[in-house]
S.K.: 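Take a look at this one; I'll ask things after.
Being a predicted model, the structure only gives us computed values, none of them experimental. A, B, ... follow the sequence lines: proteins, then strands. Residue 1 opens every chain. Heavy atoms only: backbone and side chains are in, while hydrogens, waters and symmetry mates are out.
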Amino acid sequence: MENHSRVPNVEVAAILYEVADLLEIKGVRFKPQAYRRAALAIETLPESVADVAREGDLDEIPGVGRAIAAKIREILETGSLGYLSALREEIPEGVQHLTRLEGIGPKKAIALSRELGVRTVDDLEAAGLAGRIRDLPGFGEKTEANILASIRVSRTAQERRLLGEILPVAREIERRLASLASVRQVSLAGSIRRRKETIGDVDILATSYWPDEVMEAFATLPGVERVLVRGTTKTSVALSTGIQVDLRVVEDGHFGAALQYFTGSKEHNIAMRKLAIARNWRLNEYGLVDPATGRAVAGEDEAGIYRALGLAWIEPELREDRGELEAARAGTLPDLVGYDAIKGDLHVHTRWSEGAHSIEEMAQAARTLGYEYIAICDHAEGLRIARGLSPGRLADQVREIERINRESDGEFTVLSGTECNIGMDGTLDLPDSLLADLDVVVASVHSGFKQSESEMTERVLTAMQNDHVDIIGHPTGRILLSREPYRIDLAAVFDAAATLGVLMEINAFPGRLDLSDVNARAALGVGVRFSVASDAHRRENLRCMELGVATARRGWLSAGDIANTRPLPELRRILRS
DNA sequence: GCCGTTTTCGGCCCGACTGTTTTCAGTCG
C-alpha cells in the first residue's frame, strides 16, 4: 500500500521556495537563502526525496539540516506545511504578486499594501493612475511612472521564452555588436550561454575602451523599443518583441572575470566566491583579487580564475551548483559531448505523414549538416491526426528508402523507421512482423496523458518489453511553457531501459527538450544510453539538434553515452543488441 | 536555518543603477 510519500521533488521544492519568498518579504535575513539552497538541492536530486526520507538520510542532502528535514517530513506525510500556512496568514494578501513586478521588491510591496491597501496589480495600477503612489515616503513621481510602466510591460511580455526562440535573436545582437569598431571582445553570457531550456532575458558581455559609444549603438539597435537602464557599464533595453537584453561593458583585462561573473548561475557564483574567501581573496566581475596587496590573482580569462581556485575550467552548461565545483576540484568532470559530435538524426518526419519535405529532401539537408545517416520515423496508423502510415504504406516507404540507398553514392545512409504510438495498454500500433523489418523503432506516448502514475509507468514498461523497440521518444510528454510532463515513475523506466538496452530520447524540438537536463542526468546515473534527435518536421528543424546536445551537456552526458555519435556500423550493433 | 582548510558560534556574495535622498535604501542580477 502506497502512502502519500510520493509527493514529487518539485512540489516539495516549490513549498520551500515559497517559504523563502515569504521570509524575504518579512525582511528575515539569511533564512531565505537557506530555504532556497535546500529547495534547489531537492529539485535537482536524482532520486525521490520520499525515498531519501524513508532511508532516514534527509540530513545528507546539502543545505538540509534538522529544521528543514522536519519540514520535509511534514510535507511528505501531509502534503502541506503548517509553517507555510502561518506565513501566508502573516503577509498581506497580494504582496507576493506585487514583488513579481520589475522594480518592486519586498519593502516597496509591503509599503504599498500597508499604506494604500493595494492587493492586486489592478489595484496598484488604479492607485498609480490616480497619482496616489508618489506621496508615499520613499516614493516619488518617477517611481510612480516606473511602476505603471512595469505593469504595462508585465501585461505584454511573457515571463520566459524558449531557448530555441531566443538563441537566434541573441546571436544576431552579438553579431552586430562584434562588428562595431569600438568593441574588442563580445560574448553571450547568463542563462543563454549556459543553454538553459527557457530564458528570462538575454545577457551579453563586451569589452571596449569606449563604453559610451558601445552603449549608444546598443540602445539604438533595430528592434529596441525602450531603454530601461542606461549607464557606462550596464545598459538594459526592451525589444519590441518583449525580450529584455542586458549589455555589460568592461575593460579588456577584466573579460574573463566578467564573463565568469555574468554567466552565472547565481548559485554557482556564490559557491565560487566562497572558495575565494576561503583563500582570503575576493571574486567579483573585475577579477580575483588579493585584498591584502590589491593585486589581481586572475581575471583576464575564465580558466585562470578556475585554476587559481584549484579547479578545472567548467563548461558553462554545467554551472548550476549541482556538484560541478566538487567534480572540477577532484578532476572528475565529464568529457561533455561536443556540438559537432552528432553523426546522424534518429527521429525525422517526412511528407509521408505530417512532415513538409520528402525523404530525399530531408536526407540532402542532413548531409549538408555533415551527418552520415538519418532515420525516417513517420507516425504509424494509430495517429490518424498526423496522417499516420498504414502497414501497407509503411512497407511502400521501406521500399522507397531501399531504392534511395541503392541509388546513392554510399556515403550517406537513410535508415527505415517509425515513431509508433504506445496505446493506453502499452501495445504498439504496428505488427511485430513489420517492426522487425525496420532499422529504428521509436515508441512514444501521444495521448491519454491523464492516466495515473502506475498506469502510465506500466504502459511504457510494456512497450519497452517489445524486443523491436529501440528508443522511447519524448519520454515525459512535456511541452515547455504549456504542458506539464505526464505522471510516470521515471526511475522505474530508467532501470528498465538500462537493463533492456532501450535508448532514452532527448528530443531536441525547441518546445520539448524531453528528457530534460535533470532527468537525463538521473538516467545516466543508472547506466542508460541515449538518442539525441531533432523530431524534425521540415528541413530547417534539423538544426534544432543543437538544443538537444545542449540539454545532453547540461545532463553531464559524454559522446559515448549517445548512440547517434557513433558511426553507422557501431550504431547498428547498439540498435540490435 | 545551515555550516566548518578560520569556526559547533558567528558568520552568511558583491557591485551597478535609480530615485529620493543630502549620505543612502531598495532593487536587480
S.K.: May I ask which nucleotide in the shown strands pairs with B:dC14, Watson-Crick or G-U wobble, both distances under 3.5 Å?
M.R.: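 The answer is B:dG29, by the H-bond criterion.
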S.K.: What orientation do A:His268 and A:Tyr306 show, parallel under 30°, tilted 30 to 60°, or perpendicular over 60°?
M.R.: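 Correct class here is tilted.
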S.K.: Nearest to the A:Ala278 side chain among B:dT6, B:dC17, B:dG29, which nucleotide is it?
M.R.: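 Ranking B:dT6, B:dC17, B:dG29 by closest atom to the A:Ala278 side chain puts B:dT6 first.
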S.K.: For A:Arg193 and A:Glu302, what are the C-alpha separation, side-chain angles and deciding distance, and is it a salt bridge (charged side-chain N to carboxylate O under 4.0 Å, His left out)?
M.R.: CA-CA 14 Å; A:Arg193 181 165 180 244; A:Glu302 277 192 333; 2.9 Å; yes
S.K.: Find the distance A:Asn284:CG to B:dC14:P and express it as a whole number of Å.
M.R.: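 Result: 9 Å.
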S.K.: Would you kindly give the OH-to-P distance between A:Tyr35 and B:dC12, to the nearest whole Å?
M.R.: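 Rounding to the nearest Å, OH of A:Tyr35 and P of B:dC12 are 21 Å apart.
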S.K.: Roughly how far apart, to the nearest Å, are B:dC3 and B:dT8 at atom P?
M.R.: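 Going atom to atom, P in each nucleotide, I get 16 Å.
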S.K.: With rounding to whole Å, what would you report as the distance between B:dC12 and B:dT7 at their C1' atoms?
M.R.: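 Their C1' atoms lie roughly 13 Å apart.
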S.K.: Taking the side chain of A:Lys108 as heavy atoms from C-beta outward, which of B:dC14, B:dG26, B:dC28 is closest to it?
M.R.: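 Of all the options, the side chain of A:Lys108 is nearest to B:dG26.
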S.K.: Of the nucleotides B:dT20, B:dC12, B:dG29, which has the atom closest to the A:Asp201 side chain?
M.R.: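 Between B:dT20, B:dC12, B:dG29, the one nearest the side chain of A:Asp201 would be B:dG29.
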S.K.: Figure out the CZ/C1' separation between A:Arg36 and B:dC2, and round it to whole Å.
M.R.: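 Checked: the CZ to C1' distance equals 15 Å.
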S.K.: Grab the CD1-P distance between A:Ile270 and B:dG11 for me, whole Å please.
M.R.: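 Spelled out: CD1 on A:Ile270 to P on B:dG11 is 19 Å.
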S.K.: Hey, does the side chain of A:Arg248 come within less than 4.0 Å of B:dG29's phosphate (OP1/OP2), counting only N and O?
M.R.: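 Negative; the distance criterion is not met.
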S.K.: Classify A:Arg279 by what it touches in the nucleic acid, base, sugar-phosphate, or nothing, heavy-atom distance under 4.0 Å.
M.R.: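 Nothing: the residue A:Arg279, judged by heavy atoms under 4.0 Å, touches no strand.
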S.K.: For A:Thr99 and A:Arg66, find the nucleotide of DNA chain B closest to each by heavy atoms; which residue's nucleotide sits nearer the 5' end?
M.R.: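 The residue closer to the strand's 5' end, by nearest nucleotide, is A:Arg66.
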S.K.: So does A:Arg543 have more than 12 non-hydrogen atoms from other groups sitting under 6.0 Å from CZ?
M.R.: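 It does not: A:Arg543 CZ has 12 such atoms or fewer within range.
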S.K.: When you measure from the side chain of A:Glu285, which nucleotide among B:dG15, B:dC17, B:dG1 comes out closest?
M.R.: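 Looking only at side-chain atoms, A:Glu285 lies closest to B:dG15.
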S.K.: Can you tell me how far apart CD1 (A:Ile110) and CG (A:Leu112) are? Round to the nearest 0.5 Å.
M.R.: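 Result: 10.0 Å between the selected atoms.
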S.K.: Any base atoms under 4.0 Å from A:Lys107, or only sugar-phosphate, or nothing? Heavy atoms, all strands.
M.R.: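 A:Lys107: backbone/sugar contact only, no base atoms under 4.0 Å.
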S.K.: Can you tell me the distance, in whole Å, between the CZ atom of A:Phe262 and the P atom of B:dG15?
M.R.: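 Between P of B:dG15 and CZ of A:Phe262: 12 Å.
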S.K.: What does A:Pro62 touch in the nucleic acid at a heavy-atom separation under 4.0 angstrom: a base, only the sugar-phosphate, or nothing?
M.R.: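 A:Pro62: backbone/sugar contact only, no base atoms under 4.0 Å.
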S.K.: Quick one: on DNA chain B, does A:Asn280 or A:Leu101 contact a more 5' nucleotide (nearest heavy atom)?
M.R.: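 Taking each residue's closest nucleotide, the earlier one in sequence belongs to A:Asn280.
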S.K.: OP1 or OP2 of B:dT18 versus the side-chain N and O atoms of A:Asn146: is any pair under 4.0 Å?
M.R.: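 A:Asn146 to B:dT18 OP1/OP2: no side-chain N or O under 4.0 Å.
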S.K.: When we call it a touch if two heavy atoms are under 4.0 Å apart, what does A:Tyr286 touch: a base, just sugar-phosphate, or nothing?
M.R.: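 The residue A:Tyr286 makes sugar-phosphate contact but no base contact.
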S.K.: Please classify the nucleic acid contact of A:Arg29 as base, sugar-phosphate, or nothing, using heavy-atom distances under 4.0 Å.
M.R.: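 The residue A:Arg29 makes no contact with any strand.
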S.K.: Determine the interatomic distance between P on B:dA16 and the same-named atom on B:dG11; round to the nearest Å.
M.R.: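 Nearest-Å result for B:dA16 against B:dG11 at atom P: 26 Å.
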S.K.: Under 4.0 angstrom, heavy atoms only, what part of the nucleic acid is A:Pro137 near: base, sugar-phosphate, or nothing?
M.R.: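 The residue A:Pro137 makes no contact with any strand.
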S.K.: For B:dC14 and B:dT6, measure between their P atoms and round to the nearest Å.
M.R.: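 It works out to 15 Å between them.
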S.K.: Identify which one of A:Thr198, A:Asp201, A:Ile199 satisfies the side chain to side chain contact (heavy atoms under 4.5 Å, CB included) criterion when paired with A:Ile166.
M.R.: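 Going through A:Thr198, A:Asp201, A:Ile199 one by one, the side chain to side chain contact (heavy atoms under 4.5 Å, CB included) with A:Ile166 is satisfied by A:Ile199 alone.
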S.K.: Using whole Å, what does the distance between atom C1' of nucleotide B:dT27 and atom CG of A:Leu228 come to?
M.R.: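 Rounded to whole Å, this separation is 14 Å.
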S.K.: Are A:Ile147 and A:Phe139 close enough that some pair of their side-chain heavy atoms sits under 4.5 Å apart?
M.R.: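 Yes, their side chains come closer than 4.5 Å.
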S.K.: Any stacking of A:Phe139 on B:dT20, going by centres under 5.5 angstrom and planes within less than 30 degrees?
M.R.: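 According to the criterion (under 5.5 Å, under 30°), no, A:Phe139 does not stack.
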S.K.: When you get a sec, tell me which of B:dG29, B:dC12, B:dT20 is the closest nucleotide to the side chain of A:Lys274?
M.R.: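 Nucleotide nearest to A:Lys274's side chain: B:dC12.
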S.K.: Which part of the nucleic acid does A:Glu141 contact within heavy-atom distance under 4.0 Å: base, sugar-phosphate only, or nothing?
M.R.: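 Result for A:Glu141 = sugar-phosphate.
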S.K.: Between B:dA16, B:dC2, B:dT27, spot the one nearest the side chain of A:Thr233, thanks.
M.R.: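 Of the candidates, B:dA16 comes closest.
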S.K.: Where the side chain of A:Lys142 is defined as all heavy atoms beyond and including C-beta, which of B:dG26, B:dG1, B:dT20 is the nearest nucleotide?
M.R.: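 My answer, after comparing the listed nucleotides, is B:dT20.
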S.K.: At 4.0 Å (heavy atoms only), tell me whether A:Thr232 reaches a base, stays on the sugar-phosphate, or touches nothing.
M.R.: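 Sugar-phosphate contact only - A:Thr232 comes under 4.0 Å of backbone atoms but never of a base.
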S.K.: When the P atoms of B:dG15 and B:dT20 are considered, how many whole Å apart are they?
M.R.: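 One P to the other, the span is 26 Å.
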S.K.: Can you check the A:Lys234 NZ to B:dC17 P distance for me, whole Å?
M.R.: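 So the two atoms are 8 Å apart, to the nearest Å.
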S.K.: Looking at A:Arg175 and A:Glu172, is any side-chain nitrogen of the basic one under 4.0 Å from a carboxylate oxygen of the acidic one?
M.R.: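 Result for this pair is yes, salt bridge flagged.
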S.K.: May I ask you to check whether over 12 heavy atoms, not counting those of A:Arg483, lie within 6.0 Å of atom CZ?
M.R.: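 Yes, because the 6.0 Å sphere around CZ of A:Arg483 holds more than 12 heavy atoms from other groups.
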S.K.: Expressed as a whole number of Å, how far does the C1' atom of B:dG26 sit from that of B:dT21?
M.R.: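 About 12 Å, rounded to a whole number of Å.
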S.K.: Whole angstrom is fine here: how far is it from CD1 in A:Ile277 over to C1' in B:dG10?
M.R.: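 Taking atom C1' of B:dG10 as the reference, CD1 of A:Ile277 is at 14 Å.
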